Protein chains: 2
Amino acid sequence: MATIKDIAREAQVSISTVSFAINGTGPVAPETKKRIMEVIERLNYHPSSSARGLVTRQSGNICLYVPHPKSNIFTFHDNNLINDMLQGIGESIDEKNYNLLLAWEQNEDDDDASKMMSLVHTRAVDGILFFNPTRNYKPIYELIKLKFPFVFMGSFFDNEPIDTVDIDNFEAGYRNTAHLIKLGHRKIGFVSPGPLHYLLADDRFEGYKEALKDNNIRYNDHYFHIGDNRETSGVEALDRFLSLKDPPTAIVAGRDIQAVGIKKRAMACSLIVPGDIAIVSFENSQLAENHDISSIRTDLFSIGREASKLLFKMIGRKKERQTQHIIIPAELVVRGSCGGKQETSVEE
Amino acid sequence: MATIKDIAREAQVSISTVSFAINGTGPVAPETKKRIMEVIERLNYHPSSSARGLVTRQSGNICLYVPHPKSNIFTFHDNNLINDMLQGIGESIDEKNYNLLLAWEQNEDDDDASKMMSLVHTRAVDGILFFNPTRNYKPIYELIKLKFPFVFMGSFFDNEPIDTVDIDNFEAGYRNTAHLIKLGHRKIGFVSPGPLHYLLADDRFEGYKEALKDNNIRYNDHYFHIGDNRETSGVEALDRFLSLKDPPTAIVAGRDIQAVGIKKRAMACSLIVPGDIAIVSFENSQLAENHDISSIRTDLFSIGREASKLLFKMIGRKKERQTQHIIIPAELVVRGSCGGKQETSVEE
DNA sequence: GTGAAAGCGCTAACAA
DNA sequence: TTGTTAGCGCTTTCAC
């Protein structure tokens with residue numbers, strides 16, 4: 001493997017000149033530069049990332065970190081959405097010539113962040129992208145103390161100087177609910193996309209409640225169900241709602257897969273969607289399209305891209321900066337599951 | 001940030017003793033070691049990965065590389081299966097104290113491997129795990145020339161000195177087909193899980209053909225359909241098969257999502273599954289379970305774990321070793337979609 | 001515009 | 001058992 005010395009010798013210059021030529025950090029005569037570049041090409045030289053990292057104190061890596069116990073990595077979203085997010089990150093790391101390190105904790109303990117902290121302390125990464133963190137996720141305070149760059153993706157952390165990029169889940173929950181109210185519904189169920197300590201879940205839920213309040217509808221605890229990432233959680237939710245003496249006429253599903261479960265179950269019970277039961281959801285994944293479900297578009301590509309862009313700004317910067325909360329727009333894609341503008345459609 | 005010098009000074013030893021104590025690479029008196037470890041703990045010292053990497057010529061990272069253009073990362077498998085694979089890799093990298101770098105090409109050109117080669121040349125990674133490569137994927141010859149460690153996951157490369165870890169897709173294709181034949185079927189359709197230049201797809205297809213041959217059934221080109229990762233490709237396949245004057249009575253679906261499409265479509269056409277049309281599939285994802293589809297279990301956890309274990313063996317080794325082809329066992333999980341032992345079941 | 005040289009934080013050969 | 005020291009391959013300051 002060629003080193004900078006080999007290049008210097010072959011090009012008959014000093015190693016500092018080679019370094020200047022490569023990085024543009026010093027003046028180099030055009031002919032000299034040309035000669036150096038030719039030798040670099042010929043010897044297929046690439047600077048060692050370790051050597052460079054040692055002196056620049058930058059690893060050239062950022063970390064995509066999933067602060068969940070092992071069972072949950074990447075299962076919180078549809079496959080294509082994860083792909084979108086990676087593409088978004090990919091776009092900006094390519095621009096910066098950075099690499100992406102993927103990390104998570106094997107331990108089931110929620111606040112164990114040993115893997116992440118080890119990455120930080122060994123300086124294996126220059127910044128961290130947090131994917132879908134939980135509320136009150138404590139390990140970040142250590143990062144704040146170290147002034148280590150990080151950005152939260154996929155949720156909002158209130159009252160803390162933490163940079164975030166996300167859709168506004170509160171607003172989305174509000175919008176979905178308001179949409180159903182505008183269509184005449186007053187009895188509206190809500191299925192959370194997951195446990196409420198996930199910010200994303202809680203925010204959607206809060207938005208739902210706020211919309212009810214603004215429309216003088218009293219929140220009814222029986223209309224609330226905690227779901228998860230399986231279709232059956234939608235089925236269970238509907239079953240529970242239908243067992244009530246006064247069941248809801250519309251449901252805000254926490255995520256598309258739940259909406260699918262709800263819709264299938266409703267149809268199996270000979271209920272008309274949206275006639276008997278209207279459904280709106282979040283994500284707008286392939287599932288929503290396939291099953292004709294109205295859903296709020298979650299643009300994970302933009303979230304990934306903006307989050308990494310923001311992270312790079314922090315990595316470059318030495319002086320303090322204002323924390324930023326970047327909100328990615330998220331519109332409701334109206335389909336047949338909630339009635340209203342479009343006519344109902346049947347599928348399957 | 002504390003350095004090895006700080007530790008040496010505080011513990012009143014030389015830096016080499018500290019290094020010996022940390023790495024176990026030299027003799028250190030028990031009391032000395034204890035003292036050093038206490039100081040390390042107290043100062044929260046972690047060795048710099050760049051500095052260490054520079055001298056050891058190891059980055060401490062392996063790369064999970066998806067040699068596809070951007071649209072395909074991680075969409076070839078069910079989300080939970082991807083998760084399984086990551087967990088498998090995670091288990092062995094944790095053991096080795098390694099990190100996982102995730103990379104893919106942004107470029108649409110199939111044989112562009114610039115990102116990967118850059119990782120190799122800058123020595124940012126010590127080895128590469130290839131996820132689901134295509135047949136005749138040329139960039140690996142460069143790696144072979146460099147004697148750079150890599151392992152193929154998810155497929156088989158014939159006649160080349162390339163280490164692989166996978167289920168035996170040929171055998172799986174054979175087994176699925178033979179299972180249907182044993183149930184009395186002679187007219188069996190095959191839907192490929194993707195384009196045939198994916199080894200995984202081609203191998204399953206070859207297994208299918210071999211099983212036909214061994215049972216004196218002539219291969220019928222009209223019974224073959226190239227599918228993809230969408231449910232609709234199953235629907236299309238069935239529609240095409242049904243339009244034949246002599247349609248198949250059974251179908252080997254290339255992957256679960258196709259099987260679901262086929263089953264739904266069959267039911268929509270008032271066909272009985274498995275009475276009118278029997279279905280077997282590959283993957284055994286959540287989908288197969290939900291839809292009562294017989295499917296060959298693909299143990300991506302083991303694939304991930306064994307592949308990384310193998311990679312670490314190669315990274316450690318200096319001398320030539322025999323290439324290995326590790327086959328992960330994959331049994332057929334029989335459910336209601338193909339008839340036979342279990343009674344049919346209806347779902348949805 | 002170019003070069004000499006120091007030093008980033010570590011490992012490991014060699015000396016003591 | 002411990003210490004001294006020479007690099008690993010690069011960036012960067014400072015002379016020229």
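Protein chains get the first letters and strands the later ones, always in sequence-line order, with residue 1 at the start of each. What you see is a predicted model; the values in this text were computed from it and never measured.
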**OP:** Starting at the 5' end of nucleotides 9-16 of chain C, put B wherever the base has a protein heavy atom under 4.0 Å, S where only the sugar-phosphate does, and a dash everywhere else.
**Re:** BBBB----
**OP:** Would you mind reporting whether A:Ile62 and A:Leu100 have side-chain heavy atoms less than 4.5 Å apart?
**Re:** yes
Original post:
How about B:Thr17 and B:Ser14: does a side-chain donor come under 3.5 Å of a side-chain acceptor?
Top reply: yes
Subject >> For B:Tyr137 against B:Ala113, the heavy-atom pair lying closest together >> reply: OH-CB, 3.9 Å
Original post:
Got a sec, which pairs hit salt bridge (charged side-chain N to carboxylate O under 4.0 Å, His left out) with one end in residues 39-62 of chain A, sequence neighbours left out?
Top reply: A:Glu10-A:Arg42
Subject >> Atom pair CD1/OG1 of A:Ile15 and A:Thr3 - distance to nearest 0.5 Å >> reply: 8.5 Å
Subject >> Leading and trailing nucleotides of DNA chain D with any atom under 4.0 Å from heavy atoms of chain B >> reply: D:dT1 to D:dG9
Original post:
Should the pair B:Phe130 and B:Phe152 be assigned to parallel (<30°), tilted (30 to 60°) or perpendicular (>60°) ring geometry?
Top reply: tilted
Original post:
Quantified as the angle between the terminal helix axes (five pairs each), what is the overall bend of the helix from C:dG1-D:dC16 to C:dA16-D:dT1 to 10 degrees?
Top reply: 40°
Original post:
Which residues pass the side chain to side chain donor-acceptor pair (under 3.5 Å) test with B:Glu306, sequence neighbours left out?
Top reply: none
Original post:
Does the gap between the ring centers of A:Phe312 and A:Tyr98 come in under 6.0 Å?
Top reply: yes
**OP:** Can you tell me which residue pairs pass the salt bridge (charged side-chain N to carboxylate O under 4.0 Å, His left out) test with a partner in residues 139-154 of chain B, sequence neighbours excluded?
**Re:** B:Glu142-B:Lys145, B:Lys147-B:Glu320
Original post:
Is the shortest distance from a Lys or Arg side-chain nitrogen in A:Glu31 or A:Arg35 to a carboxylate oxygen in the other one below 4.0 Å?
Top reply: no
